[in-house]
> 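Structure below; questions to follow.
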Amino acid sequence: MSQFMADIRISLADALRAALIAAGIDLPAGFQAGLERPARREHGDWSSNAALAVAKGAGRNPRELASELAARLEEHRSEHVAEVSVAGPGFINFRLAPSWLHGVVADAVAAGVQGYGRQSLGGGRTVIVEFVSANPTGPVHAGHGRGAAYGDAVARLLAWCGYDVHREFYINDRGTQMDLYAASLAAVSVGQPVPEGGYNGQYIVDWSAEMPGEADPRQWGRERALADQREVLGSMAVEFDTWFSEQALVDSGAIDDTLAALDAVGASYESNGALWLHSSDHGDDKDRVLVKSDGEYTYLLPDIAYHRDKLDRVGPQGLLINVWGADHHGYVARMKAAMAALGCDPDRLEVVVTQLVRLERDGEEVRLSKRTGDLIELRDVVDEVGADATRFTYLLQSMDTAPTFDLAMAAAQVMDNPVFYVQMAHARVCSIAARARADGVVRPSIQQVDLGLLVHERELEIMRQLSMLGEVIAAAASERAPHRVTAWLRDFAAAVHGFYHDCYVVGSGIPPDLTQARLVLIDAARVGLAVGLGTLGVSAPEAM
RNA sequence: GCCCCUGUAGCUCAGUCCGGACAGAGCAGAUGACUUCUAAUCAUCAGGUCGCAGGUUCGAAUCCUGCCGGGGGCGCCA
């Protein structure tokens with residue numbers, strides 16, 4: 001939150017507290033005056049339920065208490081507060097003066113695309129966001145796409161909020177699935193059928209044909225799959241700082257260290273020839289196998305070692321965020337149990353489970369891909385709808401919902417496509433600035449522009465929305481909910497389109513002073529749109 | 001049977017964590033608005049037992065309990 005915005009909120013809270021004390025209310029320890037943005041415009045710019053909250057304890061009528069508080073607040077109101085009023089059962093509403101909104105505009109322009117809406121809540125804390133982590137046994141599919149868009153957006157939001165963020169992809173390059181994949185490639189390359197439980201699909205045929213005869217199908221297949229995954233993810237601008245190999249972890253001896261650590265705390269035991277994790281001691285439904293009776297590791301054991309490694313890397317204050325698909329939800333309890341057994345605070349490991357996406361095209365479900373013989377490839381989604389629309393569409397809703405992604409709709413360059421609507425708002429604002437330049441409008445410094453001329457309802461609405469961006473970003477980051485930004489962008493874009501429609505910036509009928517003020521306003525609007533889109537990893541085009 | 005997510009307008013969804021003011025958008029529907037910066041837009045109208053039933057509260061879409069519906073998961077696979 002900018003200093004300017006923070007000051008407004010703090011000054012309102014302080015004034016409220018002072019008024020409560022002056023009214024003879026005994027405030028409970030740690031009392032925070034509740035201040036929020038009212039849902040309805042008529043209720044002002046900020047609203048407090050403080051009178052409602054304390055009335056009962058003080059034996060007062062809430063409405064009367066609110067009136068008394070409002071009268072006191074009116075008496076001592078600061079320069080940016082235009083009006084204090086009482087409404088409903090006892091809400092105290094603050095209406096801010098336009099001067100406050102003009103400060104928001106100046107703030108946004110000064111901070112710019114690289115700074116507006118930045119928050120400091122991370123305090124430099126290190127966080128590893130692990131996402132996608134598809135098996136290197138084939139192309140990434142559409143479901144991975146949602147995790148990719150989400151994980152990257154969370155990473156961007158956290159970085160914008162002052163976290164030291166690392167993006168990581170865990171490569172499951174050993175184990176049963178890898179064996180089956182290698183065997184499938186090897187078999188098909190010599191014209192043999194795919195082994196039982198192996199991988200089918202056209203890509204196996206294509207890749208095995210590419211594979212040199214002397215290549216190790218395991219090693220070659222791993223590289224081939226990773227190259228394919230990296231390429232597709234890169235095409236939607238998702239890049240990782242670290243691609244972490246499970247095999248390398250095993251080779252490093254970390255597994256033995258982890259087994260020793262688990263043994264040392266009595267968290268493992270042998271039964272029926274296998275080694276078990278006593279995860280039921282830490283909230284899991286039942287115990288889990290670490291080492292199978294044939295001596296092979298399960299998926300779980302290297303994963304525990306991997307999380308130990310990550311925890312070590314982020315340090316004692318650091319945080320791990322994992323993005324897993326809905327089909328892995330049952331795995332959360334055992335992973336947290338393992339962390340708890342090792343003496344780590346389980347709250348330092350956050351697992352976000354993303355629900356499944358249903359893919360449609362013009363209302364018809366699309367389920368199977370020709371090339372993989374199974375799920376739709378992410379490549380096909382990006383090819384059909386484009387990187388920006390793919391990301392934005394994946395981030396339209398909360399990760400707790402299982403939405404429908406209509407490919408035709410997302411690809412359409414029409415007004416009912418939200419990504420297009422938002423990007424268009426940015427392009428329009430840029431086009432106005434370009435027109436001003438083309439018309440030879442000379443821009444003085446912002447200090448010489450009279451922002452007080454911005455009083456049109458359309459202008460005020462842009463400024464109000466813009467003033468909320470910092471709060472929205474902070475909420476989106478701390479709730480790991482990028483869709484909050486998506487929702488804000490749609491509202492903000494609507495305000496920009498409305499302004500565009502009703503308020504001309506350049507032209508013969510517009511007074512030069514107003515042109516200048518509105519040019520500053522659209523600079524601020526451009527900053528807001530670009531920052532919002534940026535936190536989602538969606539581009540902000542200057543023309544469409 | 002157990003676990004996770006979910007049920008809000010005809011459709012797609014915000015809002016639920018942290019309880020407040022007549023429940024918000026977009027699309028679809030109806031009706032309007034451009035001699036000027038991209039009509040790829042804007043405005044107005046209409047549309048809802050917030051799955052159901054109890055409970056807590058001054059106040060419940062939001063918290064608690066129970067039921068019903070939808071999705072996903074319950075391997076010595078990953």
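Naming: A, B, ... by sequence-line order, numbering from 1 per chain.
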> Just how far, in rounded Å, is C1' of C58(B) from CG of Asn49(A)?
13 Å

> Assign His43(A) to base, sugar-phosphate, or nothing according to its heavy-atom contacts below 4.0 angstrom with the strands shown.
base

> Tell me which of Pro89(A) and Ser431(A) sits closer to the 5' end of RNA chain B, going by the nucleotide each one is nearest to.
Pro89(A)

> Can you see if the side chain of Arg458(A) gets near the phosphate of A43(B) - specifically, an N or O under 4.0 Å from OP1 or OP2?
yes

> Tell me what Arg484(A) touches on the nucleic acid: a base, only sugar-phosphate, or nothing, going by heavy atoms under 4.0 Å.
base

> What contact category does Asp406(A) fall into here, base, sugar-phosphate, or nothing, at under 4.0 angstrom with non-hydrogen atoms?
nothing

> Just checking Pro403(A): base, sugar-phosphate only, or nothing, at a heavy-atom cut-off of under 4.0 Å?
sugar-phosphate

> Taking only residues two or more places apart in sequence, or in another chain, which ones meet Glu168(A) in a side-chain hydrogen bond (donor to acceptor under 3.5 Å, both in side chains)?
Tyr306(A), Arg313(A)

> Using a cut-off of less than 4.0 Å, is there contact between a side-chain N or O of Ser478(A) and OP1 or OP2 of C17(B)?
no

> So, do Leu469(A) and Phe492(A) sit near enough that their side-chain heavy atoms are less than 4.5 Å apart?
no

> Within the structure shown, what part of the strands sits under 4.0 Å from Ala326(A) by heavy-atom distance: base, sugar-phosphate, or nothing?
sugar-phosphate

> Verify the contact: side-chain N or O of Tyr504(A) to OP1 or OP2 of C42(B), cut-off strictly under 4.0 Å; return yes or no.
no

> Answer yes or no for this row: Tyr299(A) ring on C77(B) base, centroids under 5.5 Å, planes under 30°.
no

> Classify the side chain of Glu479(A) versus the base of C17(B) as yes if they form a donor-acceptor pair under 3.5 Å and no if they do not.
yes

> Looking across every strand, which nucleic acid part, if any, lies under 4.0 Å from Met544(A) by heavy atom: base, sugar-phosphate, or nothing?
base

> The side chain of His328(A) lies closest to which of these nucleotides: A78(B), C74(B), U36(B)?
A78(B)

> Name all stems that contain residues of RNA chain B, defined as runs of 3 or more consecutive Watson-Crick or G-U wobble pairs, both distances under 3.5 Å.
B:1-7 with B:68-74, B:10-13 with B:24-27, B:29-33 with B:41-45, B:51-55 with B:63-67

> Of the listed nucleotides (A40(B), A39(B), C76(B)), which one gets closest to any side-chain atom of Lys292(A)?
C76(B)

> Describe, in one word, how the ring planes of Tyr269(A) and Trp276(A) are oriented to each other, choosing from parallel (under 30°), tilted (30 to 60°) and perpendicular (over 60°).
parallel

> Tell me whether the ring of Tyr500(A) lies stacked over the U41(B) base, given a 5.5 Å limit on centroids and a 30° limit on the plane angle.
no

> So what does Val353(A) hit on the nucleic acid, given a heavy-atom distance under 4.0 Å: a base, only sugar-phosphate, or nothing?
nothing

> Scan Asn93(A) against the nucleic acid and name what it touches under 4.0 Å (heavy atoms): base, sugar-phosphate only, or nothing.
base

> Does Thr137(A) reach a base, just sugar-phosphate, or nothing at all? Heavy atoms under 4.0 Å.
nothing

> Would you call Glu471(A)-Arg484(A) a salt bridge at under 4.0 Å N-O?
no

> Within the structure shown, what part of the strands sits under 4.0 Å from Cys503(A) by heavy-atom distance: base, sugar-phosphate, or nothing?
base

> Choosing from G73(B), C76(B), C13(B), which nucleotide comes nearest the side chain of Gln397(A)?
C13(B)

> Under 4.0 angstrom, heavy atoms only, what part of the nucleic acid is Ala543(A) near: base, sugar-phosphate, or nothing?
base

> What is the distance from CZ of Phe392(A) to C1' of G26(B), rounded to the nearest Å?
12 Å

> Check this for me, if you would: do Glu461(A) and Arg464(A) make a salt bridge, where the nitrogen-to-carboxylate-oxygen distance has to be below 4.0 angstrom?
yes

> Within the side chain of Asp388(A), is there an N or O that forms a donor-acceptor pair under 3.5 Å with the backbone of Ser539(A)?
yes

> For nucleotides C5(B) and A43(B), find the distance between their C1' atoms and express it as a whole number of Å.
39 Å

> When the nearest nucleotide of RNA chain B is assigned to Ile92(A) and to Val289(A) on a heavy-atom basis, which residue is associated with the more 5' position?
Ile92(A)

> Between C37(B), G20(B), A78(B), which nucleotide has the shortest distance from any of its atoms to the side chain of Val505(A)?
C37(B)

> Could you tell me whether Asp179(A) and Arg218(A) have a side-chain N and a carboxylate O separated by less than 4.0 Å?
yes

> With a non-hydrogen cut-off below 4.0 angstrom, is Ser47(A) in contact with a base, only sugar-phosphate, or nothing?
base

> Is any N or O donor-acceptor pair between the side chain of His329(A) and the base of G72(B) shorter than 3.5 Å?
yes

> Could you check which of G73(B), U38(B), G15(B) has an atom nearest any side-chain atom of Asp327(A)?
G73(B)

> Whole angstrom is fine here: how far is it from CG in Leu396(A) over to P in G15(B)?
12 Å

> Which is true for Ser293(A) with a 4.0 Å heavy-atom rule: it touches a base, it touches only sugar-phosphate, or it touches nothing?
base

> NA contact type, Gln177(A), heavy-atom cut-off 4.0 Å: base, sugar-phosphate, or nothing?
base

> Between Thr258(A) and Arg308(A), is a side chain to side chain donor-acceptor pair (under 3.5 Å) present by the stated rule, with each step listed?
CA-CA 8 Å; Thr258(A) 298; Arg308(A) 282 184 84 210; 3.2 Å; yes

> What is the separation between atom CZ on Arg63(A) and atom C1' on G59(B), rounded to the nearest whole Å?
15 Å

> For atom C1', what is the distance between C37(B) and A23(B), given to the nearest Å?
38 Å

> What closest approach, in Å, do Ala87(A) and Arg63(A) show between heavy atoms, and which atom pair accounts for it?
C-NH1, 3.6 Å

